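I have placed the structure first, in the form of structure tokens, so that the comments after it can refer back to it.
Counting convention: from 1, in listed order, for ligands and their atoms alike. Everything quoted here is computed from the prediction, not taken from an experiment. For this chain, numbers begin at 1 and follow the sequence in order.
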Amino acid sequence: VKINSCFKKIFFVIISFLVFLFYSEAQTPDSSVIRSIYNEALLNGKSYEDLRELCKNIGARLSGSAQAEMAVKWSEQKMLSYGFDKVSLQPIIVPHWERGNTEVGWFQIKDKINKVNLLALGGSIGTNGLISGELIEVNSLEELKKKNSKDIKNKIVFINQKMDDTFIQTFKAYGSCYPIRGNGAVEASRLGAKAVIIRSLSLSKNEHPHTGSLNYNDSIQKIPAAAISTQDAEQLSTAIKNNQVTFSFEMDCRLYPESPSFNVIGELKGIEHPDEIITIGGHLDSWDTGEGAHDDGAGVIHCLEALRIFKSLKLKPKHTIRVVFFMNEENGNAGGKSYAKISSEKKEKHIAALESDRGGFAPRGFVSDGNENELKWMQSIAINFKNYDLHVFDKGGGGVDIGPLKNYFPEIILFSFVPDSQRYFDFHHAPSDVFENVNKRELELGAAAIASFIYLLDKK
Ligand SMILES: [Zn+2]
């Protein structure tokens, strides 16, 4: 009996130890710093209230608009209030396009008229009064390109390409549909169409149209282009199966002369290598519908909050860490291009950059455009994030704003922050991209993940 109970005790101790090992946090020298970063974001965080101010007090902020200029002022004041070592405005020149006041559309089958919800694509010319035409549907840009001009001439082309539901990473579905928005107007006009309508780039089915920029080609006649909601696209597609459909719409959007604007820059000076710069940022401008909450209010706020956390925890970076609120990502990328060019002209040394422009959802990880060794380093730090639910540490990386840095600093490593992507395209470029659709904890966790990642990158 005695031996049996002694054996039981030893057995119990061994099992308890194994359970302890299994559940204890992976202790690394960095884990207490990362824990304090997360605590600061979750307990004393400013990200959610800062995003509320940007969305509710400033609102949508398309380049060249009064709101964009006020957003610049707001950002400068905010960075100054956090006591960064240096805050500056970098002058740039941006395009200025406005949606105007009229944006209405209908489709007609015999004597029945149906209203549709539409949004001009960014950069589109106006319709110069109401225009109407017979509608022709295609399901992709490839299908359109194969058409004869006699089938298209004087008609309104409806490109009804659905985003592919089977992609787990929704950005892939977006990427494969993006050409209908970017190049639909040029390809339809090439065949003589008078206008083009596209199905909104969204995986959700609702009444919101989603805008976004289009490209024109100077040698091809510019035609008006608009996106209709996915719900309207389905209805229209059903209607056109057995009927001749006439589509009518009016838009008074127009392009104004370019105007001056700014990137907003704040930094913490490095204590060991002050001349070596790590840039973190997103874009301050947004489309003019909604409030630019996920795209990209969340991204600029993530990076602002990451720097604020460094400051508030008195973490002294070795390298200079710079937060940049880029202007004009949505329709021209003047901010990203100018920042890279000016950095090169000033003979600065840029070693790494990170962009957050995929919304304010729960963080999943980071991707990098670095070589094998860089990827190995990313995978080696993954252990630090195990208890914070981050698991994506892969190849990828870059972004529209930080991409141009690569042209001037070929050695630079570009990173992207990767949040969960499932709901991003429900709100992207739509009237529903508002503050209420950003979750407080998810936003805070994103800022904490970025601050932790930059902490590890800086001390690498
Ligand atoms: Zn964006």
query = Under the ring-ring contact (aromatic ring centres under 6.0 Å, His included) criterion, do Tyr339 and His350 qualify, and how do the steps go?
reply = CA-CA 11 Å; Tyr339 178 71; His350 286 255; 5.8 Å; yes

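Cation-pi check for Arg358 over Phe171 is met; the charged atom lies under 6.0 angstrom from the ring centroid and within 45 degrees of its normal. Both tests do not hold together for Arg181 against Tyr178: distance to the six-membered ring centre under 6.0 Å, angle to the ring axis within 45°.
A ring-centre distance under 6.0 Å is found for Tyr48 and Phe435.
Closest non-hydrogen pair, Ile228 versus Asp232, comes out as CD1-C, 4.0 Å.
Any protein N/O/S atom under 2.8 Å from the Zn ion (ligand 1) was counted, giving 4 altogether.
Between the Asn333 side chain and the Val400 main chain, a donor and an acceptor come within less than 3.5 Å of each other.
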